[in-house]
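Presented below is the structure to which this report refers.
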Amino acid sequence: MILKSILQNKKLISNFSYLTILEVFILIAPLITYPYLVKVLGRDLYGWVITAQVTASYCSVLVDFGFKRISARHIAKNVDNPLKIGEVISTILILRSILWIIGFLVYLIVIWIITSYREHLTLFLFSFITTLSSVVFLDFYFQGIENMKYITIVNIIVRGIFVAATFFVIKNPSDYIYVPLLWGIGYILGGLISNLVVFYFHRIKFIRPTKQILKKHLKEGSLIFTSDVMLTIKDKLNYNLLGAMVGISDIVVYDVGSKISSLLQKPVGILCTALYPQMSKNPTVNKAKKSLQFIVILSVFLIALINIFLPWIVKYFIDEDIDLSAIRLFTLAPLIVGVSMFISSNVFLAFGKDNLILKSTIITTIGYLSVLGIMYYTGHLDSVMGFVILTISAYVIEAVYRLIMSHKIFINKI
């Protein structure tokens with residue numbers, strides 16, 4: 001009944017579909033070049049490429065500052081008011097630019113302090129170019145006006161061209177510094193095209209915002225930014241620690257497990273997003289429980305299926321014999337994350353318990369850092385498996401807390 005109602009809303013389906021296509025492309029595009037780069041560069045150098053990308057991505061969280069979700073809502077509310085839309089877009093571009101400069105200065109300091117990073121200075125600088133797309137890509141505008149079709153198509157074509165260029169430019173190990181440069185150029189061009197559409201074709205005017213408006217948007221995004229920072233620590237810090245404590249080549253093995261896990265999580269994420277409008281309009285315990293049961297069944301099915309073909313899948317990414325136990329453990333994450341994701345969006349938000357999302361994120365971060373400390377002092381962070389266990393532990397802590405809170409919501413105790 002829920003899915004039927006969603007399917008009847010053609011505009012929602014179209015906008016949601018194109019947004020999903022763009023997200024899936026961003027996730028899958030690097031996988032196309034993955035085996036080629038591992039073969040040409042070797043696991044060590046490609047491990048450095050991944051490390052530089054992850055380190056630069058911290059700045060993307062700072063640059064966005066929660067604006068994407070907040071601004072899409074502002075655009076949607078003022079869809080018939082071009083002046084207000086111009087004010088929102090101008091404000092976000094200014095704030096993102098300022099935050100990008102701050103992030104770049106901090107990034108330079110970090111690279112200079114860490115000797116091993118400084119030895120790959122050019123790679124890290126080229127990797128930071130990708131973060132410019134976080135400044136200029138106005139995807140929130142197209143979400144707000146519910147027209148993601150053309151900007152999605154253009155971005156996929158432009159970004160796809162530069163991803164494909166990897167096969168022609170990267171020919172030997174010394175070319176490793178150009179990997180993030182190629183991807184960065186494609187991402188930036190996609191963002192600039194979005195600006196061209198907004199300011200030229202849609203005739204939105206740039207409006208200089210007041211200090212009060214700038215402060216207002218910063219305040220609005222601060223809560224989401226805090227949550228995003230905690231999520232980033234939990235999801236990405238492992239890469240930096242793994243390279244420093246185990247070995248840079250082992251990052252590739254961990255990354256393969258992480259990417260397979262992310263792909264498995266995508267169907268559940270799409271389903272959660274599709275169910276949210278109906279859940280928010282008419283939240284019922286029975287509806288939530290049935291949806292959660294379906295998500296568990298779907299996750300178990302996908303995990304079982306991927307494990308059957310895992311040896312061949314991993315062989316596609318890494319053409320050498322490796323121990324699959326850590327990656328197999330990683331494939332359990334989508335079940336845990338799927339449950340946690342559904343409760344966050346379709347229980348906490350739908351039932352008006354928004355504050356529990358931040359609380360669960362805080363508890364998860366504290367739990368992650370606690371397990372990290374225990375494993376470090378007991379000497380269990382000496383392998384990829386150790387870091388996978390650390391990751392799964394954080395997911396379990398989050399899911400358990402959210403399950404407990406959702407149960408209390410269902411029996412009206414909170």
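At least one donor-acceptor pair under 3.5 Å links the side chain of Asp175 to the backbone N or O of Asn172. Side-chain N or O atoms of Asn78 include none that pairs as donor or acceptor with a backbone N or O of Asn81 at under 3.5 Å. Not a single donor-acceptor pair under 3.5 Å links the side chain of Ser261 to the backbone N or O of Gly257. Without hydrogens or angle criteria, Tyr58 side chain to Lys236 main chain gives a donor-acceptor distance under 3.5 Å. The backbone N or O of Ser60 sits nowhere less than 3.5 Å from a side-chain atom of Asp64 that would complete a donor-acceptor pair. Side-chain N or O atoms of Arg43 include none that pairs as donor or acceptor with a backbone N or O of Val252 at under 3.5 Å. Without hydrogens or angle criteria, Ser344 side chain to Met341 main chain gives no donor-acceptor distance under 3.5 Å.
Atom NZ of Lys289 has 12 or fewer heavy atoms from other residues, nucleotides or ligands within 6.0 Å. More than 12 heavy atoms of other residues, nucleotides or ligands lie within 6.0 Å of CZ in Phe199, so this atom counts as buried by the packing criterion. Under a cut-off of 6.0 angstrom, the local environment of CG in Asp321 is sparse, with at most 12 non-hydrogen atoms contributed by other residues, nucleotides or ligands.
Considering only heavy atoms from C-beta on, Ile313 stays 4.5 Å or farther from Ile327 through its side chain. For the pair Val268/Gln265, no side-chain contact is recorded, criterion being any heavy-atom separation below 4.5 Å from C-beta on. Using a 4.5 Å heavy-atom threshold, the side chains of Leu189 and Phe162 count as touching. For the pair Phe387 and Val384, the minimum side-chain heavy-atom distance is 4.5 Å or more. Under the 4.5 Å side-chain criterion, counting only non-hydrogen atoms from C-beta, Val63 is in contact with Cys59. Counting heavy atoms from C-beta outward, Thr232 and Asp235 have side chains that stay 4.5 Å or more apart. Met385 has its side chain within reach of Ser325: a pair of non-hydrogen atoms, C-beta onward, lies under 4.5 Å apart. Taking the side chain as every heavy atom from C-beta outward, Leu125 and Leu108 approach each other to under 4.5 Å.
Residues passing the salt bridge (Lys or Arg N to Asp or Glu O under 4.0 Å) test with Lys234: none are found, sequence neighbours excluded. Legend: residues meeting ring-ring contact (aromatic ring centres under 6.0 Å, His included) with His380, ordered by chain and number and at least two apart, are absent. Here Lys216 pairs with nothing under the salt bridge (Lys or Arg N to Asp or Glu O under 4.0 Å) rule; sequence neighbours left out. Considering only residues two or more places apart in sequence or on other chains, Asp228 meets the salt bridge (Lys or Arg N to Asp or Glu O under 4.0 Å) condition with Arg69. Under the ring-ring contact (aromatic ring centres under 6.0 Å, His included) criterion, Tyr34 pairs with Tyr46, Phe317, not counting sequence neighbours. Residues passing the side-chain contact (heavy atoms from CB on, under 4.5 Å) test with Val339 are Leu292, Val296, Ile343, Leu403, sequence neighbours excluded. Residues satisfying the salt bridge (Lys or Arg N to Asp or Glu O under 4.0 Å) criterion with Asp80, sequence neighbours excluded, are absent altogether.
Distance OH/Tyr401 to OG1/Thr364: 9.0 Å, rounded to 0.5 Å. Atom CG of residue Leu372 and atom CG of residue Asn238 lie 7.5 Å apart, to the nearest 0.5 angstrom. The NZ atom of Lys259 sits 9.0 Å away from the CG atom of Leu263 when rounded to the nearest 0.5 Å. A distance of 9.5 Å separates OH of Tyr117 from CD1 of Ile111, quoted to the nearest 0.5 Å. Remark: Tyr368 OH to Thr361 OG1 distance equals 15.0 Å, nearest 0.5 Å. Atom-to-atom distance recorded for Leu138:CG and Ser71:OG is 9.5 Å, nearest 0.5 angstrom.
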Does the side-chain contact (heavy atoms from CB on, under 4.5 Å) test come out yes or no for Val49 and Leu37, once each step is laid out?
CA-CA 10 Å; Val49 170; Leu37 290 173; 6.0 Å; no
Please walk me through it: do Tyr376 and Asp382 pass side-chain hydrogen bond (donor to acceptor under 3.5 Å, both in side chains)?
CA-CA 9 Å; Tyr376 174 76; Asp382 57 353; over 6 Å; no
Let me see the working for Tyr176 and Asp44 under side-chain hydrogen bond (donor to acceptor under 3.5 Å, both in side chains), right down to the final yes or no.
CA-CA 11 Å; Tyr176 78 110; Asp44 273 356; over 6 Å; no
Can you list the steps and then say if Ile145 with Ile75 is a side-chain contact (heavy atoms from CB on, under 4.5 Å)?
CA-CA 7 Å; Ile145 65 172; Ile75 299 294; 3.9 Å; yes
What do the steps show when you test Ser393 against Ile389 for side-chain contact (heavy atoms from CB on, under 4.5 Å), and what is the final call?
CA-CA 6 Å; Ser393 298; Ile389 291 173; 4.0 Å; yes
Between Leu358 and Phe348, is the side-chain contact (heavy atoms from CB on, under 4.5 Å) condition met? List the steps.
CA-CA 11 Å; Leu358 181 58; Phe348 290 170; over 6 Å; no
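Remark: aromatic rings of Phe140 and Phe67 are distant, center separation not under 6.0 Å. Taking the six-membered ring for Trp, Trp100 and Phe104 have ring centres closer than 6.0 Å.
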Could you go through residues 204-211 and list every donor-acceptor pair under 3.5 Å that involves a side-chain atom there, pairing it with any protein atom two or more places apart or in another chain?
from	atom 1	to	atom 2	distance (Å)
Thr210	OG1	Ile213	N	3.3

N/O donor to acceptor pairs below 3.5 angstrom from side-chain atoms of residues 243-250, sequence neighbours left out:
none

Going by atom type alone, with no hydrogens or angles, which donor-acceptor pairs under 3.5 Å involve a side-chain atom of residues 300-309 and a protein atom two or more places apart or on another chain?
from	atom 1	to	atom 2	distance (Å)
Asn307	OD1	Arg328	NH1	2.9
Asn307	ND2	Ile303	O	2.8
Asn307	ND2	Thr331	OG1	3.1

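Residues Gln53 and Ser57 bring no donor and acceptor atom of their side chains to less than 3.5 Å of each other. Counting only N and O atoms by type, the side chains of Asn240 and Thr51 include no donor and acceptor under 3.5 Å apart. In this model, a donor atom of one side chain and an acceptor atom of the other lie less than 3.5 Å apart for Ser340 and Glu398.
Minimum heavy-atom separation, Leu264 to Pro334: CB-CG, 3.4 Å. Here the shortest heavy-atom pairing between Ile392 and Ala333 reads CD1-CB, 3.8 Å. Considering all non-hydrogen atoms of both residues, Ile89 and Tyr141 come closest at CD1-CD1, 3.7 Å.
Applying the side chain to side chain donor-acceptor pair (under 3.5 Å) test to every pair with at least one member in residues 180-195, sequence neighbours left out, gives these pairs: Thr166-Trp183. Residue pairs meeting the ring-ring contact (aromatic ring centres under 6.0 Å, His included) criterion with at least one partner in residues 210-262, sequence neighbours excluded, are Phe65-Phe225, His74-His217, Tyr239-Tyr254, Tyr254-Phe330.
The aromatic rings of Phe124 and Trp48 lie perpendicular to each other, with more than 60° between the two planes, well past the 30° mark.
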